[in-house]
Amino acid sequence: MKPATSLPRDFYSRPTLQVAQQLLGTRLNRILDGVRLAGIIIETEAYIGEDDLGCHAKAGKTKRTVIMYGPPGHAYVYFTYGMHWMLNTVTEREGFPAAVLIRAMEPVIGINIITARRNGRDTAGPAKLTNGLGIDGCLNGVDLCDTETGLWIEEGFPVSVKDIITSPRVGLENVPEPWKSKPWRFRCSPSGFLTKEENLRR
DNA sequence: AGCACGATGCTCT
DNA sequence: GAGCATCGTGCTT
């Protein structure tokens, strides 16, 4: 097996909307109990700066948001609804709080383990994905550019711009306009990455 | 197939 | 004390 190569920090130190779209088709990797699990990222959302009232950073630098103010390429993992963990990648320059929420993936390595962790259910959903890969607060702040952390992202399948579906972010019911309707959610077809054979098998 | 609701605890006001 | 970048269940159509 060829050595794991994580996406470089330069990948993340760009405008968040660009990073959010380019993360589609990449492979999210996780070493859990010594076993490698991975999935292709198929949905993301951008959260950009203190002015974005849908972004946690609207409250400024707090204990929770401090990671978003740090260098790009790190994981911002937070807890919500009393039971769910969310995985984000920090973007842009250090000092500017922004991140991309990873919202859905298609399992490709360790599928049986991931599926078992999900009790047979899917991994299309931000909390479903972290549950399937065993991602929690212990990983908040880890460097995604370092494969030694057991959590990293590498190149996957190319996704052309025309295959990206753009829509408003979800779950922001009480966020004021224009932020509530910003088209900062990006999706691509889950089956587009798989071979014909793999598609037939499902 | 779609919608309403309860779970459950941390973060910020 | 209110609200939350959600999920699974159970009930209705």
Participant: Using the 3.5 Å cut-off, write out each protein N or O paired with an N or O of nucleotides 1-3 of chain B and the distance between them.
Facilitator:
none

Participant: Using a strict 4.0 Å threshold on nitrogen-to-oxygen distance, state whether A:Arg36 and A:Glu154 make a salt bridge.
Facilitator: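 Yes, this pair counts.
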Participant: Counting just side-chain N and O atoms, does A:Arg118 come under 4.0 Å of either OP1 or OP2 of C:dC7?
Facilitator: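 A:Arg118 to C:dC7 OP1/OP2: no side-chain N or O under 4.0 Å.
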Participant: Does A:Thr130 use its side chain to pair, donor to acceptor, with the backbone of A:Ala127 at less than 3.5 Å?
Facilitator: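 Judged by distance alone, yes, a pair lies under 3.5 Å.
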Participant: Sub-3.5 Å donor-acceptor pair from the side chain of A:Thr91 to the main-chain atoms of A:Thr16, do we have one?
Facilitator: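 Between the backbone of A:Thr16 and the side chain of A:Thr91 there is no qualifying donor-acceptor contact (under 3.5 Å).
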Participant: Using whole Å, report how far CE of A:Met68 lies from C1' of C:dA5.
Facilitator: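 So the CE-C1' distance, A:Met68 to C:dA5, works out to 10 Å.
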Participant: Whole angstroms only, please: what is the CG-C1' distance between A:Leu101 and C:dC4?
Facilitator: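 In whole Å, C:dC4 C1' and A:Leu101 CG are 13 Å from each other.
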Participant: Is it the case that the side chain of A:Glu177 and the backbone of A:Ser181 share a donor-acceptor pair, with hydrogens and angles ignored and the cut-off at 3.5 Å?
Facilitator: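 Indeed, once roles are kept as given, a pair shorter than 3.5 Å links the two residues.
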Participant: Within this structure, what is the OH-to-P distance between A:Tyr76 and C:dA5, rounded to whole angstrom?
Facilitator: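 Rounded to the whole Å, the gap is 9 Å.
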Participant: Under the side chain to side chain contact (heavy atoms under 4.5 Å, CB included) test against A:Leu87, which residue among A:Val100, A:Ile135, A:Asn140 passes?
Facilitator: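 Single side chain to side chain contact (heavy atoms under 4.5 Å, CB included) partner of A:Leu87 among A:Val100, A:Ile135, A:Asn140: A:Ile135.
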Participant: What residues, two or more places apart in sequence or in another chain, satisfy side-chain hydrogen bond (donor to acceptor under 3.5 Å, both in side chains) together with A:Tyr12?
Facilitator: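 For A:Tyr12 there are no side-chain hydrogen bond (donor to acceptor under 3.5 Å, both in side chains) partners, ignoring immediate neighbours.
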Participant: Please classify the nucleic acid contact of A:Asn174 as base, sugar-phosphate, or nothing, using heavy-atom distances under 4.0 Å.
Facilitator: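 Sugar-phosphate contact only.
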Participant: Summarise how protein sits on nucleotides 7-13 of chain B as a single string, 5' to 3': B when a protein heavy atom is under 4.0 Å from the base, S for sugar-phosphate-only contact, - for no contact.
Facilitator: BBBSSS-
Participant: DNA chain B in dot-bracket, Watson-Crick or G-U pairs under 3.5 Å, [ ] crossing, | other strand?
Facilitator: |||||||.||||.
Participant: Would you mind telling me which residue lines up with the more 5' stretch of DNA chain C, A:Asn131 or A:Val170, judged by nearest nucleotide?
Facilitator: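 Residue closer to the 5' terminus by nearest nucleotide: A:Val170.
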Participant: When A:Asn131 is tested against each of A:Arg118, A:Arg121, A:His84 for side chain to side chain donor-acceptor pair (under 3.5 Å), which residue passes?
Facilitator: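 Checked A:Arg118, A:Arg121, A:His84 against A:Asn131; only one passes side chain to side chain donor-acceptor pair (under 3.5 Å): A:Arg118.
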Participant: Determine the contact category for A:Gly54: base if any of its heavy atoms lies under 4.0 Å from a base atom, sugar-phosphate if only primed atoms, P, OP1 or OP2 are that close, otherwise nothing.
Facilitator: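 If one applies the 4.0 Å heavy-atom cut-off, A:Gly54 turns out to touch a base.
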Participant: So which of residues 134-145 of chain A are in contact with DNA chain B, with a heavy-atom cut-off of under 4.0 Å?
Facilitator: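 Correct list: empty, so none.
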Participant: What pairs with A:Trp85 under ring-ring contact (aromatic ring centres under 6.0 Å, His included), at least two apart in sequence or on another chain?
Facilitator: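 Per chain and number, A:Trp85 pairs via ring-ring contact (aromatic ring centres under 6.0 Å, His included) with A:Phe79.
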Participant: Can you check whether A:Arg169 has a side-chain N or O nearer than 4.0 Å to OP1 or OP2 of C:dT6?
Facilitator: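 No, because none of the side-chain N or O atoms of A:Arg169 sits under 4.0 Å from OP1 or OP2 of C:dT6.
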Participant: Separation of A:Asp122 atom CG from C:dT6 atom P, in whole Å?
Facilitator: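 Distance, rounded to whole Å: 15 Å.
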Participant: With a non-hydrogen cut-off below 4.0 angstrom, is A:Leu172 in contact with a base, only sugar-phosphate, or nothing?
Facilitator: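 A:Leu172: backbone/sugar contact only, no base atoms under 4.0 Å.
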Participant: One pair to check against side chain to side chain contact (heavy atoms under 4.5 Å, CB included): A:Asp52 and A:Trp184. What are the steps and the verdict?
Facilitator: CA-CA 11 Å; A:Asp52 174 7; A:Trp184 291 353; 3.6 Å; yes
Participant: Could you check whether any side-chain N or O of A:Thr115 sits under 3.5 Å from a backbone N or O of A:Asn112, counting only pairs where one atom can act as donor and the other as acceptor?
Facilitator: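 Not a single qualifying donor-acceptor pair exists.
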Participant: Quick one: does any side-chain atom of A:Ser6 pair with a main-chain N or O of A:Cys145 as donor and acceptor, under 3.5 Å?
Facilitator: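 Yes.
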Participant: Between A:Arg103 and A:Glu45, does any NZ, NE, NH1 or NH2 come within less than 4.0 Å of an OD or OE carboxylate oxygen?
Facilitator: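 Counted as a salt bridge, because a side-chain N and a carboxylate O are separated by less than 4.0 Å.
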Participant: What is the distance, rounded to the nearest whole Å, between atom NZ of A:Lys182 and atom P of C:dA5?
Facilitator: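 The answer, rounded to whole Å, is 18 Å.
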Participant: CG of A:Asp143 to CD of A:Glu148: how many Å apart, nearest 0.5 Å?
Facilitator: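 Between atom CG of A:Asp143 and atom CD of A:Glu148 there are 11.5 Å.
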Participant: Taking only side-chain nitrogens and oxygens of A:Arg103, does any of them come within less than 4.0 Å of OP1 or OP2 of C:dT6?
Facilitator: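 The answer is yes; a side-chain N or O of A:Arg103 sits under 4.0 Å from OP1 or OP2.
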Participant: Strictly distance-based, threshold 3.5 Å: is any side-chain N or O of A:Arg30 a donor or acceptor partner for the main-chain N or O of A:Gly39?
Facilitator: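 No, the answer is negative, given that no donor and acceptor are paired below the 3.5 Å cut-off.
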